Structure formats: C-alpha cells, structure tokens
2 protein chains.
Amino acid sequence: MKIDEAEETIRALLPEKRFRHSVGVSETAGRLAEKYGGDVKKARLAGMLHDIAKYFPDDQLAAVIRRRRDIPDNFLEFSDKLWHAPVGAVYAEEKLGITDREILDAMTFHTTGRKKMTLLDKIIFLADYIEPGRDFPGVDEVRKAAESDLDEAVYQELQRTIMHLLEKRKSVYPETFEAYNNLINQINEVTG
Amino acid sequence: MKIDEAEETIRALLPEKRFRHSVGVSETAGRLAEKYGGDVKKARLAGMLHDIAKYFPDDQLAAVIRRRRDIPDNFLEFSDKLWHAPVGAVYAEEKLGITDREILDAMTFHTTGRKKMTLLDKIIFLADYIEPGRDFPGVDEVRKAAESDLDEAVYQELQRTIMHLLEKRKSVYPETFEAYNNLINQINEVTG
C-alpha cells in the first residue's frame, strides 16, 4: 500500500483531529526512521495506519481480539483504550492487504510497547507520543531526547506512561512493564 | 520458635540499627494483625525475622538462591537488595526450624510483594515500610492509610516503590508489578 492511499483511507475512517494526528505520527515516524537508520517507507505507513481502529466500537474490538488467536486474550482484562492497537493491525492485514510483519507488529504494540521492541516498534511508539500535535507537560523533554537518543526517549515515554497510570490508580498492561525493564537494563548495561 | 528467642537470634546476627528496625517491624506487624484479623504471633515472628539474611554476603545469598529450586532464579537478574528476602526464609526454615509456610512466604516476599498477597504478606510488607524508625517523605501518609485500610496502604507502598525505581532508572522485579496490578484491580472492583 502506498502512503497516499493509506492517507486517503485514514481520512475517510477517522475524524479530522485524529486524521491530523495520524499524519503527524506518519511524518514524525519517517523522520525518526531517517535519523536512526530505519525503513522510512514502512515507518510512514505504520504511522499513518496506527490508529485505524481507534473509533471501532468496543464490542467489535473485543470480538476481533477473541477471534484472532494471535492476539493475547489478556488485552480484554486491561483498559479498552488498548484494544484498537492490535485490532488496527488485524484490519490492516485483512482489509488493506498489508502483510509486512514489522509494520503489523509496530501497530499492534504502539500503545503498550512490548518486551523486546524492534526499531520500528520504538519509532511508532515514540512518534505517537511526540508528533507536533501533542501537547502535555514534559513532551518537549521527550522530543529533545528523541533528537539524539532513541532508547533514552522511549525510556522516558515508558517511565512517564507508567507513572501516569500509577498516579491514576490504573492497572498497567504487563508488556509495558516488561518493555520498561528490558529497555532500562539495556541502557544501564551500555552506560553503566 | 518463641518471639523472645527470635529477638535474641536477631540481636546476635544484626547490627544495632537493623536490630531496632526488626523490633519495630515486629511490633508494627503485631498491631496490624490485631487490627485486620491476622495471627498476631505469626506476624510478630515474621516481622522479627524478616531481615535475618540482610548482612549475608552477596555470593552466599546467590548460592542459596541457586541451590533452592523453590526460589525463582530471576531474583539474580534483579537488584541484589532483593536477595536477602527469600534467603532469610530459607535460613529460618533450615537453621531455625520454622515450617509455617505463611511465615516463610511473608519473609520471602517482604521486599517485592507478589501477585496474590496473603494477609500476612501484606502485614509484613507494610510493617517494614512504616515501622516507627522509618523516616522518608510520604511515610506519614502511608501510616495514616494503614490505620483504616490495609489494601489502600499496601497500594500506596507499591505505587511509591515502583515510582521511586522508575525515577532512579532501575528495573522492577516482575512480581512487584503483578502485585500492583492485582491489588489495584481488586480495589477498583470494590470501589467501582
């Protein structure tokens, strides 16, 4: 699928604000891929499509998670805000004919992260957090880190995301904890 | 083992300051057990003994963790500050003849917590954090919570402990995350 087609698909499926967010993630992901030696086309495409299932109703999302044996069932025990990510990847595969596993995985884990994140996983996870439309306390610090150190920026995003959930008394999807532990051990081994 | 014997054993094994901490944990655990319908004798004994292996050298702690198949090996991949807890339980069992599984488990998980914490697990975990000798920002808030709601106080301790590790860029033992998720789900179910 070409990026222009993906953009038109997303424009048709998402409200204006979420469409602009998707374009922002796509562009940011492309820039991060360029900087860190990733595949720019894959990054732009995954970024454009990552939220494709964001406005599907919860019962439809849950039905897809139950139907597809390759999506962990335990998604359903955690916040419904996570469900659109794996279902978006299923939609991209089944309806848009995307077969590239790297793209599908980066879409699947764009909200939670996962234990061993690929370069493309990190790029999409981070681009979703720092694209120019995002505005929340601390985002500029993560943007700054993203200029020079991808893992540091992803660590900061994971740290802030987990702390936010802890403060709000929400549970945390286990893969997010594992992503944090795995990355911080890597960082500490390199620097420490 | 009687509490007086345990106290003499601990006095002989630990430096003065850590001995006083152990007495504080024992007394606090006894009070919490009384308040929340736990076994006061077990709580006082587990509290007195919880840090018994605190000053064993790291290589000895690691050797015990490797030898005992019932201690998860992954302790060794995480901070050595965690190791004295399971090894203390092994020492209590092998050298002091303590066979009560509840006491040994509460000792094993006093630093990390675990997925499904028993009443005694929670009492020792919390008493270790709030005994009168402890002095750190926020401890009084947890002490206050412990007056009226054991789960709320344990949640606060887990939240603060995890946030502290995230801020310090340290990994978090997986059972601690699971303890947090499990408890917060329980609390949210009860309060709606």
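A note on names: the letters A, B, ... follow the listed sequences, proteins ahead of strands, and every chain is numbered from 1. Hydrogens, waters and symmetry mates play no part in the numbers below; they use all other heavy atoms, side chains included. From a predicted model like this one, the values you see are computed outputs, not experimental measurements.
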Participant: For chain A, which residues from residues 91-124 of chain B lie under 4.5 Å away (heavy-atom distances)?
Facilitator: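 Expected list: none.
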Participant: Quick one: which residue pairs count as a salt bridge (charged side-chain N to carboxylate O under 4.0 Å, His left out) with a foot in residues 26-39 of chain A, not counting sequence neighbours?
Facilitator: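 Residue pairs with at least one partner in residues 26-39 of chain A: A:Lys35-A:Glu147.
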Participant: Ignoring hydrogens and angles, tell me if any N or O in the side chain of B:Asn185 forms a donor-acceptor pair with the backbone of A:Ser171 under 3.5 Å.
Facilitator: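 Judged by distance alone, no pair lies under 3.5 Å.
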Participant: Given A:Phe177, which partner from the list B:Val172, B:Asn181, B:Thr176 fulfils the side chain to side chain contact (heavy atoms under 4.5 Å, CB included) test?
Facilitator: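 The option that passes is B:Asn181.
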Participant: Can you tell me which portion of B:Ile184 sits under 4.5 Å from chain A's heavy atoms? Options are side chain, backbone, both or neither.
Facilitator: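 Only the side chain of B:Ile184 comes within 4.5 Å of chain A.
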Participant: Count the heavy atoms of every other residue, nucleotide or ligand shown that sit under 6.0 Å from CZ of A:Arg67, and state whether that count exceeds 12.
Facilitator: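 Yes, enclosed.
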Participant: I'd like to know if B:Ile10 and B:Val25 are part of one continuous hydrophobic network [Ile/Leu/Val/Met/Phe/Trp/Tyr, side-chain heavy atoms within less than 4.5 Å].
Facilitator: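 Hydrophobic grouping puts B:Val25 apart from B:Ile10.
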Participant: Taking side chain as everything from C-beta outward and backbone as N, CA, C, O, which of these in A:Glu178 sits under 4.5 Å from a heavy atom of chain B? Side chain, backbone, both or neither.
Facilitator: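 Neither; nothing under 4.5 Å.
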Participant: What are the residues of residues 158-165 of chain B, in order of number, with any heavy atom under 4.5 angstrom from a heavy atom of chain A?
Facilitator: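 Within residues 158-165 of chain B, the residues under 4.5 Å from chain A are B:Gln159, B:Ile162, B:Met163, B:Leu165.
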Participant: When hydrophobic residues are tied together by side-chain contacts of less than 4.5 Å, even through go-betweens, does A:Tyr36 share a cluster with A:Leu126?
Facilitator: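 Yes, one cluster joins them.
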Participant: Is A:Val40 linked to A:Leu32 within one hydrophobic cluster, defined over Ile, Leu, Val, Met, Phe, Trp and Tyr using a side-chain heavy-atom separation of less than 4.5 Å?
Facilitator: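 Each belongs to a different hydrophobic cluster.
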Participant: Checking heavy atoms, do the side chain of A:Tyr180, its backbone, both or neither come under 4.5 Å from chain B?
Facilitator: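 Answer is side chain: those atoms of A:Tyr180 sit under 4.5 Å from chain B.
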Participant: Can you say whether B:Glu167 sits under 4.5 Å from chain A via the side chain, the backbone, both, or neither, judging by heavy atoms?
Facilitator: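 For B:Glu167, backbone and side chain are both near chain A.
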Participant: Counting only non-hydrogen atoms closer than 4.5 Å, can you tell me which residues of residues 48-58 of chain A sit against chain B?
Facilitator: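 Heavy-atom contacts from residues 48-58 of chain A to chain B are absent.
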